[in-house]
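Worksheet: one structure, shown below.
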Amino acid sequence: MKNKEYSILEGNGSNLSGGQKQRIALSRAFINKPKILILDDVTSSVDVNTEEKILKNIYEFVKENNITTIISAQKISSLKLCDRIIVMKNGKIEAIGNHEELSNKSKVYKEILDLQIM
């Protein structure tokens with residue numbers, strides 16, 4: 001925003017973009033350094049460059065603070081750095097592994113990856 005931290009927010013943040021609201025929600029989640037953090041489509045409202053920065057900061061923060069983090073996402077770019085990824089299809093676990101393992105062994109993960117790269 002033009003006036004940075006001195007900007008005036010309107011009721012319910014109606015003068016903020018979806019991405020700005022998402023970053024504020026993340027900041028609020030991090031401020032108390034929780035033991036467990038659950039994030040749902042954490043970068044759905046931001047562009048690719050902002051997504052990369054946000055994810056890098058999330059992964060660094062949770063590792064430094066030993067925070068167990070569960071991320072629900074449809075975009076593989078949000079999951080690439082996760083220690084373990086659970087791939088589900090029709091409500092059932094199809095595969096578990098890291099990005100590299102799943103890229104090689106999970107048909108579902110590979111199909112999603114191929115669609116998202118194009």
Side-chain angles (χ1 to χ4, degrees):
M1 297 185 83
K2 187 171 94 177
N3 295 321
K4 301 192 184 215
E5 66 268 18
Y6 300 104
S7 298
I8 295 174
L9 298 181
E10 294 178 10
N12 295 321
S14 62
N15 60 329
L16 296 175
S17 70
Q20 288 169 322
K21 288 177 184 178
Q22 213 163 18
R23 287 177 287 215
I24 288 172
L26 279 171
S27 298
R28 292 178 72 192
F30 290 149
I31 204 148
N32 291 322
K33 294 183 184 170
K35 291 181 182 179
I36 298 174
L37 184 62
I38 300 172
L39 304 172
D40 182 24
D41 275 335
V42 69
T43 59
S44 62
S45 297
V46 297
D47 62 82
V48 176
N49 294 329
T50 304
E51 175 188 30
E52 190 175 316
K53 291 175 189 174
I54 289 171
L55 292 171
K56 181 179 179 271
N57 286 319
I58 288 171
Y59 291 119
E60 285 177 9
F61 183 82
V62 299
K63 286 213 183 273
E64 287 171 10
N65 294 284
N66 198 29
I67 299 171
T68 298
T69 307
I70 299 168
I71 300 174
S72 171
Q74 295 180 29
K75 295 192 300 187
I76 288 181
S77 57
S78 296
L79 305 171
K80 282 176 127 174
L81 298 175
C82 292
D83 297 327
R84 273 180 257 140
I85 301 167
I86 300 172
V87 180
M88 298 187 73
K89 183 175 182 177
N90 298 324
K92 296 187 178 171
I93 295 175
E94 191 266 339
I96 299 173
N98 62 33
H99 173 70
E100 186 177 324
E101 293 166 345
L102 293 173
S103 296
N104 295 318
K105 77 174 186 181
S106 169
K107 182 179 177 184
V108 173
Y109 192 83
K110 181 75 171 107
E111 287 173 1
I112 296 167
L113 182 60
D114 289 344
L115 285 171
Q116 292 182 8
I117 289 175
M118 296 179 142

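Numbers here simply count residues along the sequence, with the first being 1. What you are looking at is a predicted structure, and each value in this text was computed from that prediction instead of being measured.
Within the 4.5 Å cutoff, the side chain of Thr43 has no heavy atoms near those of the Thr50 side chain.
Judged as a side chain to side chain donor-acceptor pair (under 3.5 Å), the pairs with a partner in residues 16-27 (not counting sequence neighbours) are, in order, Ser17-Gln20, Gln22-Ser44. Applying the salt bridge (charged side-chain N to carboxylate O under 4.0 Å, His left out) test to every pair with at least one member in residues 78-89, sequence neighbours left out, gives these pairs: Lys63-Asp83. Sorted by first then second residue, the side chain to side chain donor-acceptor pair (under 3.5 Å) pairs that include residues 95-104, not counting sequence neighbours, are His99-Tyr109. For residues 4-16, no pair satisfies salt bridge (charged side-chain N to carboxylate O under 4.0 Å, His left out), with sequence neighbours left out. Among pairs with a residue in residues 25-54, those fulfilling salt bridge (charged side-chain N to carboxylate O under 4.0 Å, His left out) read Glu51-Lys75, at least two apart in sequence or across chains.
Shown are Lys92, Glu94, Lys105; of these, the side chain to side chain contact (heavy atoms under 4.5 Å, CB included) with Val87 is made only by Glu94.
Other members of the hydrophobic cluster containing Ile86, listed by chain and number, are Met88, Ile93, Ile96; membership follows side-chain contacts under 4.5 Å among ILVMFWY residues, whether direct or relayed. Grouped with Ile31 in a hydrophobic cluster is no other residue, since no side-chain heavy-atom contact under 4.5 Å to another Ile, Leu, Val, Met, Phe, Trp or Tyr is found. Applying the under-4.5 Å side-chain rule to Ile, Leu, Val, Met, Phe, Trp and Tyr, the cluster around Ile36 extends to Ile38, Ile70.
For the atom pair OG1 (Thr68) and CG (Asn65), the distance works out to 12.0 Å, reported to the nearest 0.5 Å. Atoms CG and CG, from Leu113 and Leu102 in turn, are 10.0 Å apart once rounded to the nearest 0.5 Å. To the nearest 0.5 Å, the span separating CG on Leu37 from CD1 on Ile58 amounts to 7.5 Å.
In this structure, Ile67 and Pro34 approach most closely via the heavy-atom pair CG1-O, 3.1 Å. For the pair Leu55 and Ser78, the tightest heavy-atom approach, listed with the atom from each and the gap, is CD1-CA, 3.6 Å. Of all the heavy atoms in Gly19 and Val46, the pair that sits closest is CA-CG1, 3.7 Å. When all heavy atoms of Cys82 and Ile71 are compared, the pair lying nearest together is SG-CD1, 4.2 Å.
Contacts of Ile112 classified as side-chain contact (heavy atoms from CB on, under 4.5 Å), with partners at least two apart in sequence or in another chain: Ile76, Val108, Gln116. Every residue was checked against the ring pair (Phe, Tyr, Trp, His ring centres under 6.0 Å) condition with Tyr59, not counting sequence neighbours, and none meets it. The side-chain hydrogen bond (donor to acceptor under 3.5 Å, both in side chains) test applied to Thr69 returns no partner, not counting sequence neighbours. Under the side-chain contact (heavy atoms from CB on, under 4.5 Å) criterion, Asn57 pairs with Glu60, not counting sequence neighbours.
Linking ILVMFWY residues whenever their side-chain heavy atoms come closer than 4.5 Å, directly or via other members, places Leu81 and Ile117 in the same cluster.
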